[in-house]
Amino acid sequence: GQMGRWHLNAYRANARVEIVAFADTVLENAESFARESGGHAYRSHTEMIAKEKLDGVSICTVPSTHRDLAIAFLSAGIHVLCEKPLAVSAAEAAEMTRKAREQKRLLLPAFKFRFYDEVRQAKTIIDQGGLGKISTFRLMFAFDNPIQGTWYATTSLAGGGVIMDSAPPAVDLIHYLFGPISEISAEVTRSQEVEVEDTAKLTCRLPNGTVGTIDLSWSVGVPCKTYLEIYGEDGTALLDWEGLSYKFKTWSQWKRVPNSSTIPQAFARQIDHFLEAMASGRPLVVGDEHGLKSQEVIDAAY
């Protein structure tokens with residue numbers, strides 16, 4: 001799928017990587033990538049593990065398979081970068097995390113936003129106290145995306161609806177920028193004729209009393225290009241796909257910081273981080289505990 005393509009492109013952009021194998025239940029998909037990038041194609045991960053010497057893998061499959069795949073790779077001594085959600089329940093995520101630590105291997109959730117320019121810039125401003133105490137925030141990931149007939153609409157494959165799919169990176173963004181979520185409530189709607197929720201509003205409370213919202217939808221478009229609005233006692237920051245706009249309360253004008261890299265370039269940083277973590281033995285930006293914490297919040301929302 002699309003995420004497999006993004007991971008492949010990012011690995012190919014790193015000169016330290018030797019791509020040796022692909023596995024897909026539809027062999028033609030694996031063969032297509034193998035023809036493009038070299039390496040072998042397999043019908044299953046078990047066959048690939050048996051025949052290849054692997055240092056690390058990316059898991060870009062449907063969420064219901066993440067647990068079994070990750071356990072198999074970790075048990076074989078292979079580091080894992082897993083697309084979101086890390087698992088379809090906190091119990092599965094905890095099992096995967098335990099296995100990674102038992103095997104002394106990495107299990108990194110693919111939380112790409114930590115590597116985006118506008119997020120890094122916002123974190124610097126927040127950590128330096130520029131916005132003061134955060135009063136509230138609004139995060140919105142929404143797309144007009146009919147999901148009938150796709151795996152997204154099937155609970156047995158996806159593990160849930162838009163909360164399971166889009167809340168993991170949203171929750172991690174809140175954890176990364178503001179700190180842990182202590183309470184969460186959720187409202188959902190089903191505008192599309194599918195078995196999962198396609199629209200949701202999550203209300204989050206932090207230990208210091210800050211309350212913010214996460215809006216998620218596959219049935220409405222985003223009304224503006226800003227996806228995260230942060231309101232502090234001393235300033236405001238607005239994040240979009242092209243950069244960051246912010247204003248301290250003592251300023252009369254907004255400052256604009258455009259991104260210096262494209263979205264694919266920023267996405268590739270998480271692949272570089274995975275490689276650096278494999279070499280050093282420890283992740284510096286995101287680790288298994290962050291994937292588990294995100295999944296615990298999603299369980300609570302459901």
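- Counting all heavy atoms, side chain and backbone alike, L206 lies closest to S182 at C-OG, 3.4 Å.
- Among all heavy-atom pairs drawn from L69 and T61, the shortest one is CD1-OG1, 3.2 Å.
- Not one N or O on the side chain of T154 forms a donor-acceptor pair closer than 3.5 Å with the backbone of L157.
- Rounded to the nearest 0.5 Å, atoms NE2 (H79) and CZ (F73) are 13.5 Å apart.
- A donor-acceptor pair under 3.5 Å is formed between the side chain of R114 and the backbone N or O of V285.
- In this structure, a donor-acceptor pair under 3.5 Å is absent between the side chains of S294 and D172.
- Note on M140 and V119: separate hydrophobic clusters, where clusters join Ile, Leu, Val, Met, Phe, Trp and Tyr whose side-chain heavy atoms are under 4.5 Å apart, directly or indirectly.
- Closest heavy-atom contact between V196 and G161: CB-CA, 3.5 Å.
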Hey, mind stepping through K293 and E289 against salt bridge (charged side-chain N to carboxylate O under 4.0 Å, His left out) and telling me if it holds? CA-CA 6 Å; K293 289 176 181 177; E289 70 276 14; over 6 Å; no
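- By the side chain to side chain donor-acceptor pair (under 3.5 Å) test, D215 pairs with R138, K201, sequence neighbours left out.
- Across I298 and P168, no two heavy atoms sit closer than the pair CD1-CG, 3.4 Å.
- The main-chain N or O of I134 is found under 3.5 Å from a side-chain atom of T210 such that the two form a donor-acceptor pair.
- Considering all non-hydrogen atoms of both residues, E83 and A110 come closest at OE2-CB, 3.5 Å.
- In this structure H7 satisfies the ring pair (Phe, Tyr, Trp, His ring centres under 6.0 Å) test together with F267, sequence neighbours excluded.
- Between F137 and F178, the distance from one ring center to the other falls under 6.0 angstrom.
- Atom CG of L107 is separated from atom CG of D288 by 5.5 Å, given to the nearest 0.5 angstrom.
- With sequence neighbours excluded, the residues forming a side chain to side chain contact (heavy atoms under 4.5 Å, CB included) with S166 are V162, L216, W218, listed by chain and number.
- Atom-to-atom distance recorded for Q103:CD and I71:CD1 is 9.0 Å, nearest 0.5 angstrom.
- In this view, D127 and K123 satisfy the side chain to side chain contact (heavy atoms under 4.5 Å, CB included) rule, not counting sequence neighbours.
- Taking the six-membered ring for Trp, Y227 and W241 have ring centres closer than 6.0 Å.
- Taken from CG in D24 to CE in M48, the straight-line distance is 10.5 Å, to the nearest 0.5 Å.
- Ring centroids of Y246 and F248 are separated by less than 6.0 Å, placing the two rings close together.
- Contact between I214 and C204 at its shortest, heavy atoms only, is CD1-SG, 3.8 Å.
- Qualifying side chain to side chain contact (heavy atoms under 4.5 Å, CB included) partners for A72, counting only residues two or more places apart in sequence or in other chains: H45, I49.
- Aromatic ring centres of F115 and H273: separated by under 6.0 Å.
- Under the 3.5 Å distance criterion, the side-chain polar atoms of D117 are left unmatched by any main-chain donor or acceptor of G243.
- The closest side-chain donor-acceptor pair between T46 and S44 falls under 3.5 angstrom.
- By the salt bridge (charged side-chain N to carboxylate O under 4.0 Å, His left out) test, K112 pairs with no residue at all, sequence neighbours left out.
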